[in-house]
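Everything on this sheet refers to the single structure shown next.
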Amino acid sequence: MFNIIIFGPPGAGKGTQSAKLLDKYNLTHLSTGDVFRSNIKGETELGLLAKSYIDKGELVPDEVTIAMVKDFVQQHADSTGFIFDGFPRTISQGEALSEILAEHNEKIDIVLALEVDEDELVKRLLERGKISGRADDQDEGTIRNRFKEYLNKTEPLLDFYRNKNLLHSVQGMGSIDDIFNRLVQEVDSVKA
Ligand code: AMP
């Protein structure tokens, strides 16, 4: 397996770049945000619970999110690798992910961190909200709260992965293709 984490603040382009990376490297995509949204649509118990957090721009509790990821990895154990998009978002989730993969004799191979400045992020999110219909992209208060959560809970993961020598930061400004080429360069630098 070759396992990638795509990391960055809300609006950094994780979803867009994941789609291109999946195509190129033939990986399995796990976007925890997408899984929550499909559960909300299907009105499942998990969806109902997740919605109460997502609508406020808060993170869904770790135990719920980790159990979901564990289940997903189990169900796709024969995959050639994963792209984790929007997970992990806390140190506990990062630790849990290492354990989940270790149970399959696997590990994270690279963490790609997209760097985008905050003014650009808010602009992108509000634009996306007009097209995607995502409620959490349409309200500036919710967006601001998502950044707060990112800074408090998610950003510390940068050091967590830097210390493991897995962190590769990439400039996330510019055209989609330029950013993609930078990501590919980083992946190919570690992929045998
Ligand atoms: P995303 O699609 O990645 O922007 O996620 C949308 C929302 O889903 C986030 O603002 C969180 O409320 C929730 N969410 C997604 N991934 C996670 C995660 N790993 N941990 C906790 N909450 C998450």
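Note that ligands are numbered from 1 as they come in the structure, with each ligand's atoms numbered from 1 the same way. These numbers were taken from a predicted model, which means no experiment stands behind them.
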Tell me whether the guanidinium CZ or amine NZ of Lys164 lies under 6.0 angstrom from the six-membered ring centre of Phe160 and within 45° of its axis.
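Yes, Lys164 and Phe160 form such a contact.
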
Does the Lys NZ or Arg CZ of Lys191 fall within the cation-pi geometry relative to Phe2 - under 6.0 Å from the ring centre and within 45° of the axis?
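Yes, a cation-pi geometry holds between Lys191 and Phe2.
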
Polar contact flag, side-chain donor to acceptor under 3.5 angstrom, Asn39-Thr44
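Result is yes, a qualifying pair exists.
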
Option of least heavy-atom distance to atom 14 (N) of ligand 1 (set: Phe84, Phe36, Tyr150, Phe87)
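It is Phe36 that holds the nearest heavy atom.
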
Could you walk me through whether Leu59 and Tyr53 pass the side chain to side chain contact (heavy atoms under 4.5 Å, CB included) test, one step at a time?
CA-CA 6 Å; Leu59 293 185; Tyr53 294 93; over 6 Å; no

Taking only non-hydrogen atoms of Arg37, do any sit less than 4.0 angstrom from ligand 1?
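So Arg37 counts as touching ligand 1.
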
Backbone N or O of Lys56 within a donor-acceptor pair of the Asn145 side chain at under 3.5 Å?
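Between the backbone of Lys56 and the side chain of Asn145 there is a qualifying donor-acceptor contact (under 3.5 Å).
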
Starting from [atom], locate the nearest protein heavy atom and write down its residue, its atom name and how far away it is, to 0.1 Å.
atom	value
atom 13 (C) of ligand 1	Ile54 CG1, 3.8 Å
atom 20 (N) of ligand 1	Gln93 NE2, 3.0 Å
atom 12 (O) of ligand 1	Glu58 O, 2.6 Å
atom 1 (P) of ligand 1	Arg89 NH2, 3.6 Å
atom 22 (N) of ligand 1	Val60 N, 3.0 Å

Can you tell whether the side chains of Asp137 and Arg146 come within less than 4.0 Å, N to carboxylate O?
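The answer is yes: the pair qualifies as a salt bridge.
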
SB check Lys123 Glu120 (cutoff 4.0 Å)
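Salt bridge between Lys123 and Glu120, a charged N being under 4.0 Å from a carboxylate O: yes.
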
Parallel, tilted or perpendicular: rings of Phe72 and His76 (30°, 60°):
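Taking Phe72 first and then His76, their aromatic rings lie parallel (interplane angle under 30°).
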
Can you tell me which portion of Arg134 lies within the under-4.0 Å heavy-atom range of ligand 1? Options are side chain, backbone, both, or neither.
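For Arg134, only side-chain atoms sit under 4.0 Å from ligand 1.
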
Relative to ligand 1, is Thr65 under 4.0 angstrom through side chain, backbone, both or neither, heavy atoms considered?
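Thr65 to ligand 1: side-chain contact only, backbone stays beyond 4.0 Å.
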
For [X], is at least one N or O under 3.5 Å away from an N or O on ligand 1?
X	value
Gly57	no
Thr32	yes
Tyr53	no

